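See below for the structure under consideration.
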Amino acid sequence: MDKKKGRYNFNAVEKKWQQFWQEHKTFRARDDDKSIPKYYVLDMFPYPSGQGLHVGHPEGYTASDIVARYKRMKGFNVLHPIGWDAFGLPAEQYAVSTGADPKETTQKNIDNIRQQIKALGFSYDWDREINTTDPNYYKWTQWIFLKFFNSYFDETERKAKPIEQLPIPAGLSEAEKQKYVNAHRLAYEAEVPVNWCPALGTVLANEEVVGGLSERGGHPVVRKPMRQWMLRITKYAERLLEDLDEVDWPESIKKLQTDWIGKSIGAEVNFKVDGFDEDIWVFTTRPDTLFGATYMVIAPEHPLVDKITSEQRRKAVQKYRERAARKSDLDRTDLAKEKTGEPIGAYATNPVNGEKIPIWVSDYVLLSYGTGAIMAVPAHDERDFEFAKKFNLPIIPVVEPQDSEQSELVKQGKLCFVGDGKAINSGRFDGLSTAEFKEKITNWLEENGLGRKAVNYKLRDWLFSRQRYWGEPFPILHTENGNVIGLSEEDLPLELPVVKNYRPSDTAQSPLANVDDWVNVVLPDGSKAKRETNTMPQWAGSCWYYLRYLDPNNNQRICDTEKEKYWMSGGGVDLYVGGAEHAVLHLLYARFWHKFLYDLGYVSTREPFKKLVNQGMILGQDGQKMSKSRGNVVNPDKVVADYGADSMRLYEMFMGPLEATKPWNMQGVEGVHRFLQKVWRMVVNEDTGELIEAIKETQADEPTLRLLNQTIKKVGDDIESFSFNTAISAMMIFVNHLGKQPVRSKSVIEKFILILSPLAPHIAEELWEKLGHKDTLAYESWPEYDEGLIKEKEIELAVQVNGRIRDRIVIAAEADEEQIKQKALSSEKVTAAIADKELKKIIVIKSRLVNIVLSI
RNA sequence: GCCGCGGUGGCGGAACCGGCAGACGCGUAGGUCUCAAAAACCUAUGAGGGCAACCUCAUGUGGGUUCAAUUCCCACCCGCGGCACCA
């Protein structure tokens, strides 16, 4: 057993400093002096699950904490908050199966996870802790929803405005007016298909449906149309796309969002239905292929189908539509699937050449994209080509590829060519390039009233309601006469009622529908109304939480304007760290809400998160994803108990690049733990617990000073670029050197402790105290380094002959090229390698190498 | 199928903007200390060859550009992530 009382006792040290920080509120962010430059470091707040933290969470938290601590030492007023994204399914499912109140389980889980987080020594401002399930918090989530409900999107100014400012066309009746207004609200109701699982008797979120079956139990899931709340995110598609330019995010994430929004530019073209006074509009990105349109396809659900289908075809078409409607998601995504469809016995006129072409229905055309109808150009669209082949429809080539071999096949109708080329079979447009043709034909269509330039997005409006209990209730009432009204702000928060049973009602409505005395309301005028019984999705609370941290206890506003201006200045949150799994949904939704709040003047920046960094996944020791069933889960509590929080933090950062996926290795933890032991022994006499005798108030020798300055620079630079693994490596090199020195300069040790402190704060505080300092080092200045001291006096250069290293020379750092050449050529090994061959040239890369090139 | 990211010793990884591949850590082997062990410390450690000085090969595979390629270009293989008929 260890008898030495001065050994590194991480348990005691960590407990001591965590308590110190808490008691002194060391990391409280200041709101009182807005002249101090601010830095806002944000973590994606966790869902407080019953499982507690896994080692993946602390990875991101450690990275952000290092930056937070570093920035404090750099003189910034740092805001580094944490909270709980506590609505969500697991608590509700637990409630369904056990009857436990989700409020209570959630509270218990939060208490547990908070304690886990505190044990890791993160420098959070605990006075700003938030919880999305707290009525004082969700009051404002509901408030934002009401703003959506009470706003419309002004197309010319491209921004949201209060609904009272919506221009209403003259001559509408009261009812029509109401309808008109409702149709323009940014939060609106619609009948949309949801994932209904009859076996479970509940509606599932998309992420709970895997391959057409419920994630739990594997029961079939069908699409069922239900009344839902939607948010008009599509109005913001263009701005969400444009403003990606102004954020400092990984390119890959920007790309995912760009693809998700899916902008395409083309034209809308009008086809007249033969024998009917009806138009079919189609959207195409290839108006230049109009002359090659040989048929049309409309989506099975298209409203025009009923009207224009011929009597002879009606039965078959009806049957097809029913079959299509029954298709599950699984069938739709089936790759090997053959194209199906039915002609509807109607024809349309191609506006460019007057040709009559047949109209078909097929489920490869989606009602939800574009106009729900297409012109089919089999020669130049893979899907149309496949369909035309199957049903023997004509294929007319109208674009000639450059490649003559390809061109031949295309002309024979044997090859589908989707690239750009030269126009053929297109009347007076023949010979034009694809780009020119697009431009000309679009203008021509516009001039003749047959079409117009058009833009489409893949992005759909956001299905914002869930048929659940454990979420924010909508502040909405449905009146007897069928109108929908929002609560007034004074009535917020609308709290969740206590329920006896968390099971969904059998009509696929949320459990709230069963709470009669909550649902039924009498309005001031004596009329009756019912509350909306859907609740908001988990995304709602996380869409704006970063704003609440700015002013978490404000009862008058989501946050104070001045505080918002201060903390969000410079483009929003300065650093946002979290998992890449939120690349699209959370980050897109939050950006959407932020822009909306910006339009209404509640925030001052166009974007919420200036810089984004994703941490990678941590795998189990076996290289597999951590999971209970594999038994490879590493519990952070155990690591902290065995090696301490500082070792845990250091190891998580030392494993490899922050963004990389990497396997856990307990021996690696021991490695960094040994490093901390070494640091301890470098400063402390293990027998006495006092400062070690080797530490003297002296000037350090030159190599030590040089290494110290190099290390300060390297660690600072690496923290700025999130290369924590190499920062740690640099510190290890330093400790390996200094630990061997019999005399250690106190000021050198102090500087080292300071640069270690953001990464391993507890041991650093303890050693700082042992070095005679009374107060926390959290606000000490980050050490400066001296560029002059960093430079080596002599450097070693490799000497290559024809690219192969033959010798090394040591030479003064300031030696010029000529001197280096001379020295290199005078090397015996080099002369031997040159022998009698002729010297062609000598390449000198200062401070790197010399390459002597010989002619062969 | 399309898009994105990656592939370096026994393992995690390092390498500025094309300039000495393998920093740092783990593991392994040998040693010091010890009655012994643990801890700590020291030495070695990509592969092959040679008594040795040294030599050759080596960053997924095959080509190319260059005085010089892990780094740039082309083709391909493998792994991971995302999307899924978006006209």
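Proteins come first, then strands; the chains are lettered A, B, ... in the order of their sequence lines, and each starts at number 1. Everything numeric in this text was worked out from a predicted model, so none of it was measured.
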Exercise. Please give the nucleotide sitting opposite A68(B) as a Watson-Crick or G-U wobble pair, both distances under 3.5 Å, or none.
Key: none
Exercise. For G13(B) versus A69(B), give the span between their P atoms, rounded off to a whole number of Å.
Key: 26 Å
Practice problem: Could you tell me the separation between the CZ atom of F387(A) and the P atom of A87(B), rounded to a whole number of Å? | Solution: 18 Å
Quiz item: Quantified in whole Å, what is the P atom distance between nucleotide G22(B) and nucleotide C55(B)?
Solution: 16 Å
Quiz prompt | Rounded distance in Å between the C1' positions of C33(B) and C17(B) | solution = 50 Å
Quiz item: Do other residues, nucleotides or ligands put more than 12 heavy atoms under 6.0 Å from K390(A) NZ?
Solution: yes
Quiz prompt | Nearest listed nucleotide, side chain of P657(A), among A23(B), A14(B), G19(B) | solution = A14(B)
Self-check item: Any-strand Watson-Crick or G-U partner of C2(B), both distances under 3.5 Å
Solution: G82(B)
Quiz prompt | Spacing of F724(A) atom CZ relative to G13(B) atom P, expressed in whole Å | solution = 17 Å
Self-check item: Reference residue Y8(A); test ring pair (Phe, Tyr, Trp, His ring centres under 6.0 Å); the match among Y643(A), W680(A), F675(A)
Solution: W680(A)
Self-check item: Pair partner, A14(B) [Watson-Crick or wobble, under 3.5 Å]
Solution: none
Quiz item: Taking CD from Q800(A) and P from A68(B), how many angstroms apart are they, rounded to a whole number?
Solution: 10 Å
Quiz prompt | Earlier contact from the 5' end, RNA chain B, for G262(A) and I728(A) | solution = I728(A)
Exercise. Write down the distance between CD (Q677(A)) and P (C26(B)), rounded to a whole number of angstrom.
Key: 12 Å
Quiz item: What integer number of Å spans the C1' atoms of U65(B) and C5(B)?
Solution: 26 Å
Quiz item: Over how many whole Å does the gap from D288(A) atom CG to A87(B) atom P extend?
Solution: 14 Å
Quiz item: Of the nucleotides A87(B), G4(B), A23(B), which has the atom closest to the S729(A) side chain?
Solution: A23(B)
Exercise. Among the candidates A21(B), A87(B), G25(B), find the nucleotide nearest to the side-chain atoms of N736(A).
Key: G25(B)
Quiz item: Which nucleotide in the list G4(B), G82(B), G13(B) gets nearest to the side chain of N725(A)?
Solution: G13(B)
Exercise. Please say whether the positively charged group of K339(A), taken as NZ for Lys or CZ for Arg, lies over the ring of Y364(A), i.e. under 6.0 angstrom from the six-membered ring centre and within 45 degrees of the axis.
Key: yes
Practice problem: Quickly work out the E652(A) CD to G25(B) P distance and round it to whole Å. | Solution: 20 Å
Exercise. For A37(B) versus G50(B), give the span between their P atoms, rounded off to a whole number of Å.
Key: 36 Å
Exercise. Let me know the distance between CG of L650(A) and C1' of G12(B), rounded to the nearest Å.
Key: 15 Å
Quiz item: Considering only side-chain heavy atoms of K841(A), which listed nucleotide, C67(B), C16(B), C24(B), is closest?
Solution: C67(B)
Quiz item: Closest to the R674(A) side chain: G19(B), A40(B), G25(B)?
Solution: A40(B)
Quiz item: Does a nitrogen or oxygen in the side chain of K458(A) sit under 4.0 Å from OP1 or OP2 of C83(B)?
Solution: no
Self-check item: R804(A) side-chain N/O to C57(B) phosphate OP1/OP2 under 4.0 Å
Solution: yes
Quiz item: Of K255(A) and A373(A), whose closest RNA chain B nucleotide lies nearer the 5' terminus?
Solution: K255(A)
Self-check item: Residues E796(A), R848(A): salt bridge by 4.0 Å N-O rule
Solution: no
Quiz item: From the list C67(B), G12(B), A87(B), which nucleotide is the closest neighbour of the side chain of V365(A)?
Solution: A87(B)
Self-check item: Centroid-centroid under 6.0 Å between Y295(A) and F391(A) rings
Solution: no
Quiz item: What nucleotide, of C24(B), A87(B), A39(B), holds the atom closest to the side chain of R7(A)?
Solution: A39(B)
Quiz item: How about Y651(A) and H673(A): are their ring centres within less than 6.0 Å of each other?
Solution: no
Self-check item: Distance in Å, E251(A) CD paired with T258(A) OG1, rounded so as to fall on 0.5 Å steps
Solution: 8.5 Å
Self-check item: Whole-angstrom distance between G1(B) and A84(B), as gauged at atom C1'
Solution: 9 Å
Quiz prompt | S264(A) vs A87(B): side-chain N/O to OP1/OP2 distance below 4.0 Å | solution = yes
Self-check item: Distance between P atoms of U56(B) and A21(B) (Å, rounded)
Solution: 13 Å
Exercise. Using both distances under 3.5 Å as the test, list the Watson-Crick or G-U wobble partner of U56(B), or none.
Key: A47(B)
Self-check item: Short side-chain N/O contact from R806(A) to OP1 or OP2 of C55(B), under 4.0 Å
Solution: yes
Self-check item: Identified pairing partner of C35(B), criterion: Watson-Crick or G-U wobble below 3.5 Å
Solution: none
Quiz item: In the strands shown, is G30(B) matched to any nucleotide by a Watson-Crick or G-U wobble pair with both distances under 3.5 Å, and which?
Solution: C42(B)
Quiz prompt | Candidates G82(B), C3(B), G19(B) - which lies nearest the side chain of N851(A) | solution = G19(B)
Self-check item: G9(B) pairs with, by Watson-Crick or G-U criteria that keep both distances under 3.5 Å
Solution: none
Exercise. Answer yes or no: are there more than 12 heavy-atom neighbours, outside K254(A) itself, under 6.0 Å from its atom NZ?
Key: yes
Quiz item: Considering only the C1' atoms, how many Å lie between U61(B) and A44(B), rounded to the nearest integer?
Solution: 33 Å
Quiz item: Taking O4'-C1'-N9-C4 for purines and O4'-C1'-N1-C2 for pyrimidines, is G9(B) syn (within 90° of 0) or anti?
Solution: syn
Self-check item: Proximity to the side chain of I845(A) - top-ranked nucleotide from G19(B), C3(B), A87(B)
Solution: G19(B)
Quiz item: Starting at CE of M732(A) and ending at P of A14(B), how long is that distance when rounded to a whole Å?
Solution: 14 Å
